[in-house]
Amino acid sequence: KLYSEVQEHPLEDTLRIIGEDLKQDPMEVFSYIDPKPCGSGSIGQVHIAKLRNSDEKCVIKVMHPHVVETIATDFWIINGGARFVDRNFKSFEKYDIIRVALAFTNHLAAQLDFRIEAENLELFREPFRG
């Protein structure tokens, strides 16, 4: 699917996914989660929320249901295709296509870990703190 064609998933899925990740009811952590995502992309969507017992707002980024399984299949196809090309088209040897495919899929796999994204955002934000 094209990125512009990505559909938002329902709030029920968002609450279930957050609950599975937190291992508790999301409403024990958040007093409010905006039912309408403020953004949606190819692997997830973002909701504005408010932390319980605080006036602090935050954002929650939640993966779309089944996205990991879909991407794992994509990786299998990419790496399998690279092995096929490597075995059957000797003219591609100079490109080391298996290494390129693995590097590509490893880079994309890192994008699935939202903790890495959060750490990078904190590093970016640090110089701007008063």
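Keep in mind that the numbers below use all heavy atoms, side chains included, and drop hydrogens, waters and symmetry copies.
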Contact summary for [X] and [Y], nearest pair of heavy atoms:
{"X": "V85", "Y": "F92", "answer": "CG1-CG, 3.8 Å"}
{"X": "A49", "Y": "F30", "answer": "CB-CD2, 3.8 Å"}
{"X": "A101", "Y": "A82", "answer": "CB-CB, 3.5 Å"}
{"X": "P37", "Y": "P35", "answer": "CD-O, 3.5 Å"}

Task: Under 3.5 Å: donor-acceptor pair, side chain of H64, backbone of G44 - done: yes

Open item on the list: Main chain of E69, side chain of T73: is a donor-acceptor contact present, judged purely on distance under 3.5 Å?
Closed with: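 Yes.
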
Open item on the list: Working note: I18 + I33, criterion side chain to side chain contact (heavy atoms under 4.5 Å, CB included); need CA distance, chi angles, decisive distance, verdict.
Closed with: CA-CA 11 Å; I18 295 169; I33 299 174; 4.2 Å; yes

- [ ] Look at the aromatic rings of H9 and H47 and report parallel, tilted or perpendicular, splitting at 30° and 60°.
- [x]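 Tilted: the ring planes of H9 and H47 meet at 30° to 60°.
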
TODO: Measure up the F128 and F124 rings against each other and bin them: parallel (under 30°), tilted (30 to 60°), perpendicular (over 60°).
DONE: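 The arrangement is tilted - the two ring planes meet at 30° to 60°.
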
What's the spacing between [X] [atom1] and [Y] [atom2] if we round to 0.5 Å?
{"X": "I60", "Y": "L15", "atom1": "CD1", "atom2": "CG", "result": "8.5 Å"}
{"X": "E122", "Y": "E126", "atom1": "CD", "atom2": "CD", "result": "7.5 Å"}
{"X": "I97", "Y": "L102", "atom1": "CD1", "atom2": "CG", "result": "11.0 Å"}
{"X": "M63", "Y": "D13", "atom1": "CE", "atom2": "CG", "result": "14.5 Å"}
{"X": "T70", "Y": "I43", "atom1": "OG1", "atom2": "CD1", "result": "12.0 Å"}
{"X": "K90", "Y": "N88", "atom1": "NZ", "atom2": "CG", "result": "7.5 Å"}

- [ ] May I have the step-by-step check of side chain to side chain contact (heavy atoms under 4.5 Å, CB included) for F75 and F104, ending in yes or no?
- [x] CA-CA 9 Å; F75 289 178; F104 178 73; 5.8 Å; no

Can you confirm whether more than 12 heavy atoms, excluding those of [X], are under 6.0 Å from its [atom1] atom?
{"X": "E56", "atom1": "CD", "value": "no"}
{"X": "R115", "atom1": "CZ", "value": "no"}
{"X": "D113", "atom1": "CG", "value": "yes"}
{"X": "N53", "atom1": "CG", "value": "no"}

- [ ] Using the side-chain hydrogen bond (donor to acceptor under 3.5 Å, both in side chains) rule, collect all pairs that involve residues 16-39, keeping only residues at least two apart or in two chains.
- [x]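 Listed by first then second residue: E8-K36, R16-E20.
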
Connected via hydrophobic side-chain network under 4.5 Å: [X] and [Y]:
{"X": "M27", "Y": "L22", "result": "yes"}
{"X": "L108", "Y": "V67", "result": "yes"}
{"X": "F114", "Y": "V46", "result": "no"}

Open item on the list: Checking D74 now: which residues fulfil side-chain hydrogen bond (donor to acceptor under 3.5 Å, both in side chains) with it, not counting sequence neighbours?
Closed with: none

